[in-house]
> 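So that we are looking at the same thing, I have put the structure below in structure tokens.
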Amino acid sequence: MIPLSSPETTEAPEAEAPATDEAREELVAALTTELGDAVVGSHIRTGDDVWVRVTRDAWREAGLVARDHLGFRYFEFLSALDWLPSPFGKNEDSPTDPPPTPSTDIVTGYAGGDTRFQVFARLHSFSQKLGLTLKVDIPDDDLRIDTWLPVFAGVNWHEREVLEMFGITFTGHPHLVKLYLPGEFEGYPLRKDFPLLARHVKPWPGIVDVEPMPAGDEPAEPDATDASDAAEGGDA
Amino acid sequence: MAAITERQKLAYANAQAADGRVNLEFETDEGMTLNMGPQHPATHGTLRIVLKLDGEQVISCEPVMGYMHRGYEKLTEVRTYPQVTTLVNRIDWLGSFANEVPFILAAEKLMDIEAPPRAQWIRTLLFEMSRIANISLFVGDMALHIGAMTAAFYAFRDREYVLNQIESATGGRFHPNFDRIGGLKDDLPKGWIVDTKASMERIRDFCDEMETLVEGNEIFQARTRGVGVIPADVAMAYGLSGANLRASGVDWDLRRDQPVGLAWNEVDWHVWTHPDGDSFSRFWVRLQEIRESTKIIDQLLDGLPSGAIMAKVPRIIKVPEGEAWVATENPLGEMGYYVVSKGDLGPFRVKIRTASFNNVAVVPWVTRGVYVPDVVTILASLYFILGDIDR
């Protein structure tokens, strides 16, 4: 990202960007040589960030390689993604119109993916000043993956949170119990098909008393119509 | 006296049964179980720590969280981008402005827009002021846990100077909600620069006062030196951040090492580290951080550029498809947002990486074998806010 928009600083990142990008490409190449076919996808945003997707069997191996061979010794976080479009939309649809038909197409993000659930973790390298996001697909019928506890001790609570929020089990974790929620809680709250009941009980006030947008600014007009389309069409 | 209804009796019996269940869960043959919290003052909110003791010594320690879990990650999925800042204000409530900044920066990164220089400088100013407001309370609070009452009153008194300035600029002492995608809500009020400079003088006096009152105190040193030592490799494996990491000798500060567009690189300041990794060094590093923050603020005020405070953004904010991660060095440590957008009015998924969550994860490791009074000082020195753990 460009630090400030003053004239002398806008040029500097332009010159730096290819250099850092090279570093990221080298990083992906290094991971590929270490892991071979286990690297199934990658994405680089020039001068900014890198995503690498590995197979489920190589998940722990990938963590160890990143830590020991590539210098990613700092653990930032581990979490999961549910790529199912929310069947409830954003609950901002008009209460009088017929409900929208939500899409069930799963479209994954950077570095691709074939499954609804993905576990992802972020590591950082102090020496290279690079961040790395590792992703892994979790098949729907077998929501299990190796724990990363031997790699980073800090993943302990992160994995427990993923278990209670997404229902993904980490094999080899010695104390895999719920972290925040009470033990008898049913369901996995961060899954997209878990309803946010507060929104179902009381409709979002924003759709009940919407003030008309003031006319005037030229660019505001197309955006305003865009937005109302989106609100009516839900996530489709 | 009014009669107790059946319903009340039932509720009471249920509560008793729940308590009994909780205690039974942790009863073992070896040693005794001690519940610290959820209402213990050392826990900054409602964190329960289950200690298994052998006499005075801790065998094992298990933090129990979730008393303040508000589900922000789920809530962001039904909000629009501008609405999310209101939520994230409440994560670390002592340094709220700093919580907004990484989220706004992540949204700006996805939209590929950038706030004008003046907005970036004012963001940096308010960011550092919320750091002072947050950490000055820590300084008093840490002394309070050692048993020194006075420092806490001084901290509350002097924190007001900063909070007043934050309030006069943003309108809110604790929840400014001042950051917007593309800039800021408002410009600074008249006379703010002079007042802020005066308040920075007060804060520097406060630091000197604390140095003589707390840091030089013999009892304070005896209680904190060599207690709760965290080596650098353990700190990194657990993902400790902020002053906790720097107190273990790791020279890492996102403000300096990972510029995100704010004005820290424009001014002259220093990142302090300490090689010891004990409770005392965590206190020391934080105290130096306040000093550096006052220096940053003074220089920023001198060089504040003029110009717009808002970039040109559409009236209805739709963020293009993509994923972005932005982390900044917040008062408690590294705070980051992983934002996944599907081109909607609101985010598809937001993963909030808070500093305290990782910082507290090290508690079971660091409290093994220490004495019960030291658990209190270690917890105080790690410095967490419950809202920042539970989100």
Side-chain angles (χ1 to χ4, degrees), chain A residues 1-6 45 48-49 51 73-77 79 81-83 85-86 88 90-92 107 109-110 120 122 126 129 131 133 151-158 161 165 175 178-182 189-190 192 194 196 198-199 204 206 213 217 219-220 223-224 226-227 230-231 235, chain B residues 65-66 69 71 73-75 77-80 105 108-109 114 116-117 120 233-234 236-240 250-252 257-263 265-266 305 312 314-316 318 321-327 334 336 338 340 342 344-346 348-349 351 353 357-358 360-362 364-365 390:
Chain A
M1 203 172 165
I2 302 163
L4 286 171
S5 61
S6 52
R45 191 157 58 206
D48 179 45
D49 224 334
W51 287 261
R73 288 177 59 212
Y74 186 72
F75 167 71
E76 304 238 28
F77 70 83
S79 191
L81 289 158
D82 179 0
W83 289 106
S86 170
F88 310 106
K90 284 191 174 292
N91 294 81
E92 283 166 3
V107 182
Y110 291 157
F120 71 120
R122 200 177 160 85
F126 287 160
K129 297 194 178 179
T133 308
V151 191
F152 295 104
V155 297
N156 185 349
W157 290 1
H158 293 259
E161 195 190 357
M165 293 296 172
H175 187 56
K178 287 194 164 103
L179 182 70
Y180 292 132
L181 301 172
L190 275 181
K192 288 282 177 184
F194 188 93
L196 188 63
R199 280 293 171 89
W204 179 234
M213 292 304 280
D217 279 357
D223 288 328
D226 270 356
D235 272 354
Chain B
M65 297 163 295
H69 188 244
E73 287 180 15
K74 186 79 177 173
L75 288 174
E77 291 173 11
V78 293
R79 299 282 195 284
T80 64
L105 288 173
E108 283 178 359
K109 192 190 244 185
E114 191 192 321
Q120 301 280 36
D233 56 336
V234 174
M236 280 162 79
Y238 275 95
L240 255 62
V250 182
D251 190 12
W252 180 252
D257 298 317
Q258 206 178 66
V260 285
L262 299 194
N265 286 353
E266 314 282 320
K312 203 158 171 53
R315 191 192 295 275
I316 306 260
K318 270 189 156 183
E321 211 160 311
E323 297 173 40
W325 160 260
V326 174
E334 176 180 344
Y338 190 90
V340 181
K342 288 270 190 166
D344 257 325
L345 294 176
F348 180 77
R349 164 115 169 86
K351 163 68 191 167
R353 189 263 195 222
F357 186 75
N358 283 31
V360 173
V362 82
W365 188 90
D390 281 0

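Throughout, protein chains are lettered first and strands after them, A, B, ... in sequence-line order, and every chain is numbered starting at 1. These figures come from a predicted structure and were not determined experimentally.
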> Assess the pair B:Phe348 and A:Trp83: is the distance between their ring centroids shorter than 6.0 Å?
yes

> Does the distance from a Lys or Arg side-chain N to an Asp or Glu carboxylate O, for A:Glu76 and B:Lys351, drop under 4.0 Å?
no

> Using the ring of each side chain (for Trp, its six-membered ring), is B:Phe357 parallel, tilted or perpendicular to A:His158, with breaks at 30° and 60°?
perpendicular

> Picking from B:Asp251, B:Leu240, B:Val326, which has the most non-hydrogen pairs under 4.5 angstrom with chain A?
B:Leu240

> Does any backbone or side-chain atom of A:Asp49 lie under 4.5 Å from a heavy atom of chain B? Answer side chain, backbone, both or neither.
side chain

> Within this structure, what is the CZ-CE distance for the pair A:Phe152 and B:Met236, rounded to the nearest 0.5 Å?
8.5 Å

> Side chains of B:His69 and A:Leu179: does their closest heavy-atom pair fall under 4.5 Å?
no

> Side chains of B:Asn358 and A:Phe75: closer than 4.5 Å at any heavy-atom pair?
yes

> State plainly whether the residues A:Lys129 and B:Asp257 are in salt-bridge range, i.e. N to O under 4.0 Å.
yes

> Under 4.5 Å heavy-atom distance to chain A, tell me which part of B:Val250 shows up: side chain, backbone, both or neither.
side chain

> Would you say A:Leu190 and B:Arg349 make side-chain contact, with heavy atoms under 4.5 Å?
yes

> Any chance you could measure B:Trp325, atom CH2, to A:Phe120, atom CZ, to the nearest 0.5 Å?
9.0 Å

> Between A:Tyr74 and B:Gly239, is there a donor-acceptor pair closer than 3.5 Å when you use the side chain of the first and the backbone of the second?
yes

> Taking every non-hydrogen pair under 4.5 Å, which of B:Glu323, B:Glu321, B:Lys342 racks up the most with chain A?
B:Glu323

> For A:Tyr180 and B:Asp390, which heavy atoms make the closest approach, and how far apart are they?
CE2-OD1, 3.3 Å

> Assess the side chains of B:Arg353 and A:Ser79: does a donor N or O sit below 3.5 Å from an acceptor N or O?
no

> Looking at chain B, which one of A:Arg73, A:Lys178, A:Arg122 has the largest number of heavy-atom pairs inside 4.5 Å, strictly under?
A:Arg122

> Hey, are the side chains of A:Phe77 and B:Tyr338 touching, using non-hydrogen atoms and a 4.5 Å cut-off?
yes

> Side chain from CB out, backbone as N, CA, C, O: work out which of these in B:Lys74 comes under 4.5 Å of a heavy atom of chain A, or both, or neither.
both

